[in-house]
*Asks:* 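A single structure is presented below for examination.
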Number of protein chains: 2
Amino acid sequence: MYTIGQVAEMFQLPISTLRYYDKEGLLPGIERKSGRRLFSDVEIEALHVIECLKASGLEIREIRQFMKWCIEGAETYGKRKELFEARKKAVEEEMTRLQKTLDLIRFKCWYYEQAIKDGTEEKLQAMIPDKLPKELRELYDNGHQ
Amino acid sequence: MYTIGQVAEMFQLPISTLRYYDKEGLLPGIERKSGRRLFSDVEIEALHVIECLKASGLEIREIRQFMKWCIEGAETYGKRKELFEARKKAVEEEMTRLQKTLDLIRFKCWYYEQAIKDGTEEKLQAMIPDKLPKELRELYDNGHQ
DNA sequence: TCTTGACCTAAAGTCAAGTTTAGGTTTTAT
DNA sequence: ATAAAACCTAAACTTGACTTTAGGTCAAGA
C-alpha cells in the first residue's frame, strides 16, 4: 500500500493530478484510511493503463467509461477489447502521421543547413532539385508539387 | 491566389481556424483586397509548415516566433535550423513513447481475447505466463514486474 | 505534547486552441 | 437591381485537463 505522495513520486505526477483522476472516477473503489487514499497494486496497474490510454489520445471521460466496464466484470470483456483495438488503430495512424511530419522536418533541417552554407535562401530555391539528397527527393516532389 | 473558403476546403480546416491563425500572427504579410484575405503560394506553404510544427507538438506562440524569424531573413537561419532540429528530437521521442504505448495496447488486446475465450479473467491471471505469446512476453515481464 | 509535514475537500482559476455570435460589408449570380 | 453567398471584425464563449487557493484534519518524530 502506498500513500498519494509515494505514488506521485513513483509516476512523476503532481499529487493534485492523482486527486483529480480520483475525482473524475479513474480510480474507482480506491481504499481510504481515516480519509486518506491508500493506493494498492490495483490502483498502480490502473495508473499504468491510464497513462497508456492517455498517450493513445483517449479523453478522461472515456477512460472513466473503461474503468466502469472493468467493475462490471466479464460481460464487458468485448467492449474493453474493442476499445483497445480502436486505440491500436488510432496510435498506428498517429505514428504514420508523425512519420510524415518527421520527413518534412528532416527536409527543413537539410534546407536550412544549405541556406547557412550558401548564405542565402534565394540561390538555394533554384538549386534545390540539384542539391537535394536522393532520400529527401520524393518528399520534396510530393510536398511542394 | 485563393480565397479563405478555398483554402479551408484545401486543408480541411474551418474558416474560423484560418482567421484565428492570421490573428495570431501565423500568416504575416498576407495580402488583402477590399478587406478580404488573398492566400498565395507563400501562405499555402506557410500552412503546410504550420501543420507540420503543430503535429510536432509546437504551440501557436512558438510558431508565431518562427514566422517572425522567416521575415527577418538570413540572420535567423541558425535559429530556424535549431528549431527544426529540436522538433526532430521531440517527434522521435514521441514516436518511441507511442511504440511503448502500442506494445501495452497489443498486450491488452491479447489479454481480453483470452479472457473472452476463457469466459473469465480469474483463471487467466494465473495462466498468463504459460499462454502469453513469446513476442508479448518481455513486455509483460517489464510492465508488471 | 506539540508542531511540522502530509494529507483532505470544494470551489475557483488557468491555459491553449479554437468556436460562436452579432452585426456589418462585398461579390456574384439571376 | 437585388438577393443570396461569401467574406469581415471584435468580443464572448467553450472545452479539456489540470492547478491553485483557502481552510481544515491527521499522524509521526523531537
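Sequence lines set the chain letters: A, B, ... in the order given, protein chains first and strands last, and positions in each chain run from 1. Only this structure's heavy atoms are used, side chains among them; waters, hydrogens and symmetry mates stay out.
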*Asks:* Between A:Lys108 and B:Glu82, is there a side-chain N and carboxylate O pair less than 4.0 Å apart?
*Replies:*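 Looking at B:Glu82 together with A:Lys108, the answer is no, because their closest N to O distance does not fall below 4.0 Å.
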*Asks:* Counting just side-chain N and O atoms, does B:Tyr21 come under 4.0 Å of either OP1 or OP2 of C:dA17?
*Replies:*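 So the side chain of B:Tyr21 is outside the cut-off, no N or O lying under 4.0 Å from OP1 or OP2 of C:dA17.
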*Asks:* With a 4.5 Å cut-off on side-chain heavy-atom distances among I, L, V, M, F, W and Y, is there a chain of contacts connecting A:Met10 to B:Leu104?
*Replies:* yes
*Asks:* Assess whether one donor atom and one acceptor atom, taken from the side chain of A:Arg19 and the base of C:dC8, lie less than 3.5 Å apart.
*Replies:*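 No, the side chain and the base share no sub-3.5 Å donor-acceptor pair.
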*Asks:* How many whole angstroms separate atom CZ of B:Arg32 from atom C1' of D:dA6?
*Replies:* 14 Å
*Asks:* Using only side-chain N and O atoms of A:Thr3, determine if any of them is under 4.0 Å from OP1 or OP2 of C:dA6.
*Replies:* no
*Asks:* Whole angstrom is fine here: how far is it from CG in B:Leu53 over to P in C:dA16?
*Replies:* 17 Å
*Asks:* Could one point to a donor on the side chain of B:Arg61 or the base of C:dA16 with an acceptor on the other under 3.5 Å away?
*Replies:*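 Answer no: no donor N or O sits under 3.5 Å from an acceptor.
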*Asks:* Could you give the OH-to-P distance, from A:Tyr20 to D:dC18, as a whole number of Å?
*Replies:* 6 Å
*Asks:* Would you mind classifying the nucleic acid contact of B:Ser34 as base, sugar-phosphate or nothing, using non-hydrogen atoms under 4.0 angstrom?
*Replies:* sugar-phosphate
*Asks:* Specify the residue among A:Leu58 and B:Phe39 whose closest nucleotide of DNA chain D lies further upstream toward the 5′ end.
*Replies:* B:Phe39
*Asks:* Just checking, is any N or O donor in the side chain of A:Glu93 or A:Thr96 under 3.5 Å from an acceptor N or O on the other one?
*Replies:*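 Checked: A:Glu93/A:Thr96 side chains show no N/O donor-acceptor pair below 3.5 Å.
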*Asks:* Membership question, hydrophobic clusters at under 4.5 Å side-chain separation (ILVMFWY): are A:Leu38 and A:Leu18 in the same one?
*Replies:*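 Each belongs to a different hydrophobic cluster.
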*Asks:* Can you say whether the rings of A:Trp69 and A:Phe66 are parallel (under 30°), tilted (30 to 60°) or perpendicular (over 60°)?
*Replies:*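 Rings of A:Trp69 and A:Phe66: perpendicular, over 60°.
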*Asks:* Would you say D:dC18 has OP1 or OP2 under 4.0 Å from some side-chain N or O of A:Lys54?
*Replies:* yes
*Asks:* By the 4.0 Å heavy-atom rule, please label A:Lys33 as base, sugar-phosphate, or nothing.
*Replies:*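 Since no nucleic acid heavy atom lies under 4.0 Å of A:Lys33, the category is nothing.
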*Asks:* Closer than 4.0 angstrom, basic N to acidic O: yes or no for A:Lys89 and A:Glu85?
*Replies:*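 Salt bridge absent between A:Lys89 and A:Glu85.
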*Asks:* If you look at every strand shown and take non-hydrogen atoms under 4.0 Å, does B:Ser16 touch a base, only sugar-phosphate, or nothing?
*Replies:* base
*Asks:* Which listed nucleotide (D:dC18, C:dA17, D:dC7) is nearest to the side chain of B:Glu59?
*Replies:*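 Nearest to the side-chain atoms of B:Glu59, counting from C-beta on, is C:dA17.
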*Asks:* Considering just the side-chain nitrogens and oxygens of A:Thr17, establish if one lies under 4.0 Å of OP1 or OP2 belonging to D:dT19.
*Replies:* yes
*Asks:* Would you say a side-chain N or O of B:Arg37 is under 4.0 Å from OP1 or OP2 of D:dC8?
*Replies:* yes
*Asks:* Between B:Pro14 and A:Gly35, name the one whose nearest nucleotide on DNA chain C is closer to the 5' end.
*Replies:* A:Gly35
*Asks:* Could you check how far CG of B:Leu13 sits from C1' of C:dT19, rounded to whole Å?
*Replies:* 13 Å
*Asks:* How many Å lie between CD on B:Glu9 and P on D:dA5, as a whole number?
*Replies:*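 It works out to 17 Å between those atoms.
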*Asks:* Rounded to whole angstroms, how far apart are CD1 on A:Ile50 and P on D:dA17?
*Replies:*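 A:Ile50 atom CD1 is separated from D:dA17 atom P by 12 Å.
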*Asks:* With sugar-phosphate meaning primed atoms plus P, OP1 and OP2, does B:Glu24 contact a base, only sugar-phosphate, or nothing at under 4.0 Å between heavy atoms?
*Replies:*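 The residue B:Glu24 makes no contact with any strand.
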*Asks:* Is A:Arg36 near enough to C:dT9 that one of its side-chain N or O atoms lies under 4.0 angstrom from OP1 or OP2?
*Replies:*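 For C:dT9, OP1/OP2 do not have a side-chain N/O of A:Arg36 under 4.0 Å.
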*Asks:* Between B:Arg64 (CZ) and C:dA17 (C1'), how many Å, whole number?
*Replies:* 12 Å
*Asks:* Can you measure A:Ile30 atom CD1 to C:dC7 atom C1' for me and round it to whole angstrom units?
*Replies:* 13 Å
